[in-house]
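Report on the structure given below.
Within every chain, numbering begins at 1; the chains are lettered A, B, ... in the order of the sequence lines, protein sequences first and strands thereafter.
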Protein chains: 2
Amino acid sequence: MDTIDLLAKLPGAFTESGLRQEMLTHGKFITVDKDDTIVREGQFLDFLPIVIKGEIRVFQQKEDREILLYYVREGQTCMMSLSAAYFSQTSTSYGVATKPSEIFVFPTRLVNDWQLKYSSWNAFLIQTFRSRYDELLDSFESVAFDPIDKRILTYLKNRSQKDHSSKIVISHQNLAYELGTTRVVISRILKSFEQQGKVKLFRGYIQLK
Amino acid sequence: MDTIDLLAKLPGAFTESGLRQEMLTHGKFITVDKDDTIVREGQFLDFLPIVIKGEIRVFQQKEDREILLYYVREGQTCMMSLSAAYFSQTSTSYGVATKPSEIFVFPTRLVNDWQLKYSSWNAFLIQTFRSRYDELLDSFESVAFDPIDKRILTYLKNRSQKDHSSKIVISHQNLAYELGTTRVVISRILKSFEQQGKVKLFRGYIQLK
DNA sequence: CGAAAACGGTATCAAAAGTTACACAACTCA
DNA sequence: TGAGTTGTGTAACTTTTGATACCGTTTTCG
């Protein structure tokens, strides 16, 4: 891939051409396979990733369970990596590709340089932090105040909207992981949704109606 | 209060003297009473606050309920104000003083200037965002995975530690609000804690043992 | 092909948490 | 002082959710 192609792929938020130029100069373009681990807990971060294509699932691993933090999608960077790198700390979370992905990585020392040179970089950072916070706040409210059936429906609708498809490809088990509950509960509620005509169930996916 | 006193009160994180000097030059020092509203939803932010003394409770108001986001304490700034101001958006949350407080405010346009001039300012921002995120993540995990009795105990212990006192001044009703449940549930569990000898209950406060 | 793994349906039971209702004590303030 | 407000205790009940167990089907992969 040549420079022109790559430039075209960088998020539009980077309005300053000097910044885009520096990214190209100092950055490295890598590709990863589905299920590849990009970052693991305890790892020292000497690079900052921006996802060009694909998706990275960022989560924490506790004793028995897994906490999903967010997905890093096209044009986004990983907030956890960013702050860990900024303070020279090791990562407290994992990042795993959910599909074959293309990632742009560059040395973290540049973060500080760019903050002092490019407003659009700062805007990107603040935007990143704020929108992750808002996302988490949504999840928090949902977990704290909504009954599970509503949470499931909300999840399905969100996925449907995001994927531009009423076919949501996920197993009951994985849906249970996403929502922090168990498979049996999910199956039970989905079944009742089906009886109410809200969805149609298939092996491996759910059709939203 | 003269310049020297004020300087001494600024958070140590601002290592650059130029920054401290600018803060003093452009900032304004205000005092508020308990229960004064500093920021309300829909308000356009033209200033950024840093709390010097006291505490601001930041929350969102939904139809029926209230969501506590965080408390802004000494040396801290309000993440929500910061990002709202940065993008010239109105506030989505409220900020109310929980006690008489002293706040340092300065024009938000400076945020952008300082980002481009002072590393310690950038570090302060990233630290602010990251620690609020971590806090919220803790709450999320707690709500998602811990039974209420454990959450109550955790709350009491945290408060006790923070206030340097085993006497936690809060009504059962307000504790219920904090934890997103109802008064009856709180009373029930506290009573069982008392029978287990973990606490002693009084009107208006709880003694942790 | 055949075994193992992944997927989903369903029943039963148990536990956790919310709901409603009522009583009384303590505090506050006109 | 006395009426209204706030704070707390407690019983009885319902609802929601989780836990366990067992089943059959589909898919995967050596």
Side-chain angles (χ1 to χ4, degrees), chain A residues 33-35 62-67 98 139-156 159 167-208, chain B residues 34-35 62-67 139-156 159 167-208:
Chain A
D33 293 332
K34 174 163 156 52
D35 296 329
K62 298 289 166 103
E63 313 83 58
D64 42 344
R65 61 175 180 268
E66 198 172 89
I67 320 271
T98 64
S139 302
F140 175 82
E141 285 183 55
S142 178
V143 167
F145 301 107
D146 295 341
I148 288 212
D149 51 357
K150 184 173 173 195
R151 291 174 54 208
I152 295 178
L153 208 52
T154 303
Y155 178 89
L156 294 177
R159 271 288 298 263
K167 177 178 170 179
I168 290 101
V169 181
I170 191 170
S171 71
H172 294 188
Q173 181 61 70
N174 284 332
L175 185 43
Y177 282 144
E178 292 271 328
L179 300 181
T181 179
T182 60
R183 204 268 311 166
V184 182
V185 171
I186 297 286
S187 294
R188 180 157 67 209
I189 291 168
L190 282 178
K191 202 66 198 171
S192 86
F193 282 170
E194 189 172 49
Q195 277 151 9
Q196 295 165 46
K198 291 180 180 168
V199 301
K200 208 158 175 339
L201 302 180
F202 301 90
R203 184 188 174 89
Y205 68 95
I206 297 153
Q207 186 77 38
L208 196 52
Chain B
K34 175 164 156 54
D35 295 330
K62 297 290 166 98
E63 314 84 59
D64 43 341
R65 60 175 181 268
E66 195 173 273
I67 321 273
S139 301
F140 176 82
E141 285 183 57
S142 177
V143 167
F145 301 107
D146 295 342
I148 288 212
D149 52 356
K150 185 172 170 195
R151 291 174 53 211
I152 295 178
L153 209 52
T154 303
Y155 178 89
L156 295 177
R159 271 287 298 263
K167 176 177 172 180
I168 290 102
V169 180
I170 191 170
S171 71
H172 295 187
Q173 180 60 71
N174 284 331
L175 185 44
Y177 284 145
E178 293 270 328
L179 299 182
T181 179
T182 60
R183 203 269 310 167
V184 181
V185 171
I186 297 287
S187 294
R188 182 157 66 209
I189 291 167
L190 281 179
K191 202 66 199 173
S192 87
F193 282 170
E194 189 173 49
Q195 276 151 11
Q196 294 165 46
K198 291 179 180 168
V199 301
K200 207 156 174 342
L201 302 180
F202 300 90
R203 183 187 173 90
Y205 68 95
I206 298 152
Q207 186 76 40
L208 196 53

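- Within the structure, every side-chain polar atom (N or O) of B/H172 is placed at least 4.0 Å from both OP1 and OP2 of D/dT6.
- B/H172 NE2 to B/I206 CD1: the interatomic distance, rounded to the nearest 0.5 Å, is 5.0 Å.
- Protein atom NZ of B/K191 is 15 Å distant from nucleotide atom C1' of D/dA11, rounded to whole Å.
- Residue A/T181 places at least one side-chain N or O under 4.0 Å from the OP1 or OP2 atom of D/dG18.
- Between B/E194 atom CD and D/dG9 atom P there is a gap of 7 Å when expressed in whole angstrom units.
- Comparing C/dC7, C/dT19, D/dG9 by their nearest atom to the side chain of A/S171 picks out C/dC7.
- With rounding to whole Å, A/K150 atom NZ is found 17 Å from D/dT15 atom C1'.
- Judged by atom type and distance alone, A/R188 does not reach the base of C/dG8 through any side-chain donor-acceptor pair under 3.5 Å.
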Evaluation steps, side chain to side chain contact (heavy atoms under 4.5 Å, CB included), between A/K198 and A/L156: CA-CA 11 Å; A/K198 291 180 180 168; A/L156 294 177; over 6 Å; no

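- Each of A/D149 and B/Q173 was assigned the nucleotide of DNA chain D with the nearest heavy atom; the assignment lying further toward the 5' end belongs to B/Q173.
- The distance between atom CD of B/Q195 and atom C1' of D/dT8, rounded to the nearest whole Å, is 14 Å.
- Between the P atom of C/dG18 and the CZ atom of A/F145 lies a distance of 10 Å, rounded to the nearest Å.
- No donor-acceptor distance shorter than 3.5 angstrom exists from the side chain of A/E194 to the backbone of A/L190, with no hydrogens or angles considered.
- Judged by closest nucleotide on DNA chain D, B/R203 is the one of B/L190 and B/R203 placed further toward the 5' end.
- In the set D/dG18, C/dT19, C/dG9, C/dT19 carries the atom at the smallest distance from any side-chain atom of B/V184.
- Side-chain atoms of A/S187 never come within 3.5 Å of backbone atoms of A/V184 as a donor-acceptor pair (strictly under, hydrogens ignored).
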Quick one: do A/R151 and A/Y155 satisfy side chain to side chain donor-acceptor pair (under 3.5 Å)? Show the steps, please. CA-CA 6 Å; A/R151 291 174 54 208; A/Y155 178 89; over 6 Å; no

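- Between the CZ atom of B/F193 and the P atom of D/dT8 there is a distance of 16 Å, given to the nearest Å.
- Rounded to whole Å, atom P of D/dT8 lies 13 Å from atom CD1 of B/I168.
- The distance from atom CZ of B/R183 to atom C1' of D/dT8 is 6 Å, rounded to the nearest whole Å.
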